[in-house]
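Structure, as structure tokens:
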Amino acid sequence: MQTFYKQAFEIRKLVLESLAEAGSGHTGGSLGLADVFAVIYFKILRHNPLNPDWEARDRLVLSIGHVAPVLYATLAFTGYFPVEELKTLRKLDSRLQGHPGRDFGLPGLELSAGSLGQGLSVALGMALADKVDHKSRRTYCILGDGELQEGSVWEAIMAASHHQTDNLCAIVDRNGLQIDGPTEQVMKLESLESRWKAFGWHVIPVDGHDHIALIDAFEMAQKKKRKPTVIIAKTIMGKGVKSIENDYRWHGKAPSKEQLAVFLEELNSSNRYD
Amino acid sequence: MTNWINKGSKPTRTGFGEGVKYAADKNDKIIGLGADITMSVGLHFFAEAYPERFFSLGIAEQNAIGVAAGLALSEKIPVFSTYGVFAAHRAADQLRISLCYNNLHVIIGGAHAGISVGPDGATHQALEDVASLRAMPNMTILSPCDATQAFIAVQKAVEELNNPVYIRFGREAVADFTDENQHFDIGKAQLMRDGDELCIIATGHLVWEAIQAAEILARKGIEIAVLNMHTLKPIDKDAIIEAAKKFGKIVTAEEHQVTGGLGSAVAEVLSENYPVQMLRIGMQDRFGESGTAEELMAKYQLDADGIAKQINHWIRD
Ligand SMILES: [Mg+2]
């Protein structure tokens with residue numbers, strides 16, 4: 001089976017470069033999700049970067065808007081806009097807002113989001129619309145694990161299974177960390193699998209850095225009838241840059257120009273594709 | 001000026017609900033979203049006619065606003081109706097980000113506005129919803145004066161707008177007096193009655209009460225004009241400034257806190273453009289309570305007698 005480690009590597013590189021240029025932003029989660037993004041955009045999503053508004057496209061809703069750098073890097077890398085533009089991240093008049101904003105006209109962006117706990121509801125609305133129209137396209141939604149502490153997410157989880165939206169697939173970035181520290185210390189989430197199951201979802205736990213396992217999970221989700229699927233992707237915050245891996249202090253920090261050089265070197269040496 | 005006659009009392013929520021069903025007859029993009037109180041907020045007319053386009057979402061307003069946003073991003077025109085207190089406050093963050101920041105065409109029914117909700121008491125009387133929503137960019141706020149106008153407001157919101165719309169309406173049967181073929185422009189106030197002493201700018205249920213108050217005052221030789229501000233956002237600045245120039249005194253009347261609602265909106269326009277003396281009639285920074293609608297409107301001087309009394313007192317001062 002085809003893997004996308006090379007693409008994930010390039011995405012991580014762009015994430016680090018754009019964050020260093022911006023001088024602020026969320027490094028840890030963006031690096032941790034690079035494999036998930038590579039697999040989704042290069043294998044799973046039916047989309048066309050040359051025609052972002054293609055009517056039959058699958059849609060990806062990024063609920064955790066703070067990992068915008070990995071979304072922007074992926075969109076640029078897949079051809080939605082020039083990679084050069086990543087240098088404008090978080091700057092005045094940029095299309096690359098700190099948290100995604102549709103107002104600014106970035107192609108490929110489905111939703112302005114960033115206040116946690118809202119994206120899954122929006123994705124559910126998209127999935128319901130496609131059910132009404134008997135469309136075969138799918139909706140994906142990326143959530144953070146800390147985000148699951150927002151009660152509104154569980155309203156959406158409840159409603160999605162009630163309406164049997166099997167065209168909806170949630171992905172939880174289960175890195176076990178949030179700003180104040182480990183999720184299990186800040187506010188316990190376990191047992192996450194049984195909680196989603198109890199709410200009527202089809203649950204697939206997976207290693208969020210294993211491309212073959214991720215692809216398997218997405219394909220299982222596509223086949224599941226009458227239940228929405230959640231892929232609980234176990235990830236390492238900061239993945240690819242050894243010195244910051246699993247360090248929650250890197251949730252909301254950007255590398256300095258000096259750190260960038262070191263991080264890129266670390267990234268190069270951890271690179272799996274060649 | 002027209003002599004307004006009550007054609008038969010009817011709740012504005014019924015006008016809203018019939019309006020949604022009528023709009024859906026002509027437009028299959030309309031999707032209804034219910035939060036358990038479907039009948040109470042007038043959405044049952046639609047839900048019964050179009051069950052395949054109606055989704056029950058339970059008592060979960062935050063999710064409902066997000067779902068509405070997702071539907072709007074999929075070429076649908078969702079209508080979500082619940083009590084104003086929940087729509088505006090429980091789901092405020094979803095309204096701000098998922099709806100207004102994304103600038104999506106969603107129609108939100110804000111039911112049970114004002115103290116005329118009655119015996120349910122303060123928890124269910126929406127008195128701060130306009131204040132909260134008026135600050136949100138991209139939001140349009142409509143506050144029709146009777147059931148006929150509520151019906152028309154829904155048609156206009158569906159056909160003419162492309163942004164989030166909050167339509168505010170009440171629970172009790174109230175005078176239904178406007179013309180089915182009336183000229184109704186979103187953002188343009190309607191002059192209901194001319195006068196010379198002052199102009200009262202009213203919204204929602206209080207338009208009828210203001211007209212009746214004008215009749216009471218007319219019998220004492222005081223002629224007041226009545227302006228129906230059915231659109232609270234964007235507010236009709238020209239009409240407000242024109243009234244201020246013509247009458248020199250402005251009264252506002254609303255079933256809402258005087259802070260943040262119509263009174264504030266008018267004060268903002270006047271103070272920046274043409275400051276004149278103002279009296280703001282409404283809830284004076286306090287919660288409502290239980291009682292019949294009639295008793296409460298009388299107690300808080302929001303009925304015709306109360307409005308006439310407040311105006312009379314003000315101009316004699
Ligand atoms: Mg986390």
Side-chain angles (χ1 to χ4, degrees), chain A residues 53 55-61 63 65 97 99-105 109-135 137-141 143 150-165 167-168 199, chain B residues 24 27-36 50-80 82 86 89-108 136-138 162-164:
Chain A
D53 300 324
E55 270 189 34
R57 74 188 186 280
D58 290 336
R59 290 178 289 181
L60 179 122
V61 170
S63 188
Q97 294 288 298
H99 293 77
R102 287 168 69 242
D103 253 13
F104 301 84
L109 179 61
E110 299 285 1
L111 184 72
S112 309
S115 175
L116 297 179
Q118 300 194 24
L120 189 60
S121 298
V122 179
L124 170 59
M126 291 175 168
L128 287 173
D130 289 342
K131 285 282 182 194
V132 170
D133 293 338
H134 306 289
K135 285 188 180 166
R137 65 173 175 178
R138 297 179 60 77
T139 302
Y140 296 89
C141 179
L143 301 129
E150 289 282 4
S152 56
V153 179
W154 297 93
E155 293 184 1
I157 293 172
M158 190 164 23
S161 72
H162 179 83
H163 290 291
Q164 304 187 338
T165 45
N167 54 348
L168 175 65
F199 274 68
Chain B
N27 190 331
D28 63 8
K29 289 181 174 181
I30 293 179
I31 303 277
L33 301 175
D36 198 39
Y50 301 106
E52 72 288 354
R53 285 196 269 150
F54 177 79
F55 293 104
S56 167
L57 295 174
I59 308 168
E61 296 79 10
Q62 300 178 64
N63 179 54
I65 295 292
V67 167
L71 288 160
L73 283 163
S74 314
E75 311 295 317
K76 301 296 180 195
I77 304 174
V79 180
F80 170 57
T82 183
F86 308 136
H89 304 298
R90 173 65 63 90
D93 191 29
Q94 280 77 6
L95 281 167
R96 177 171 178 264
I97 299 301
S98 289
L99 269 203
C100 290
Y101 188 34
N102 282 282
N103 195 13
L104 300 173
H105 189 200
V106 169
I107 292 160
I108 298 158
M136 295 198 189
N138 297 329
N162 201 22
N163 58 288

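Within every chain, numbering begins at 1; the chains are lettered A, B, ... in the order of the sequence lines, protein sequences first and strands thereafter. Worth saying up front: this structure is predicted, and the values here are computed from it rather than measured.
Proximity to chain A (any heavy atom under 4.5 Å) is shown, for E75(B), by neither the backbone nor the side chain. At a 4.5 Å heavy-atom cutoff, the contact between I97(B) and chain A is made by backbone and side-chain atoms alike. Proximity to chain B is absent for every atom of E55(A), based on heavy atoms less than 4.5 angstrom apart. Looking at A123(A), there are no atoms closer than 4.5 Å to chain B (heavy atoms on both sides), in backbone or side chain.
You'll find the side chain of V67(B) stays beyond 4.5 Å of the side chain of F55(B), heavy atoms only. Between D133(A) and K76(B) the shortest side-chain heavy-atom distance falls below 4.5 Å. In this structure, N138(B) and P164(B) have side chains that are in contact, with non-hydrogen atoms separated by less than 4.5 Å. Here the side chains of Q94(B) and S152(A) are in contact, with some heavy-atom distance below 4.5 Å. At least one side-chain heavy atom of D58(A) sits less than 4.5 Å from a side-chain heavy atom of Y140(A). The closest side-chain heavy-atom distance from Q97(A) to R102(A) is not below 4.5 Å.
Most heavy-atom pairs under 4.5 Å with chain B, from the set G119(A), A129(A), G117(A): that is A129(A). For the set H163(A), M126(A), Q118(A), the entry with the most heavy-atom pairs within less than 4.5 Å of chain B is Q118(A).
At a heavy-atom separation below 4.5 angstrom, chain A is approached by Y101(B), N102(B), L104(B) within residues 100-107 of chain B.
Atoms CG and CG, on N63(B) and L120(A) in that order, are 7.5 Å from each other to the nearest 0.5 Å.
Few gaps surround CZ on R137(A); more than 12 heavy atoms of other groups in view lie less than 6.0 Å from it.
Under the rule for a side-chain hydrogen bond (donor to acceptor under 3.5 Å, both in side chains), the partners of S74(B) that lie at least two apart in sequence or sit in another chain are R59(A).
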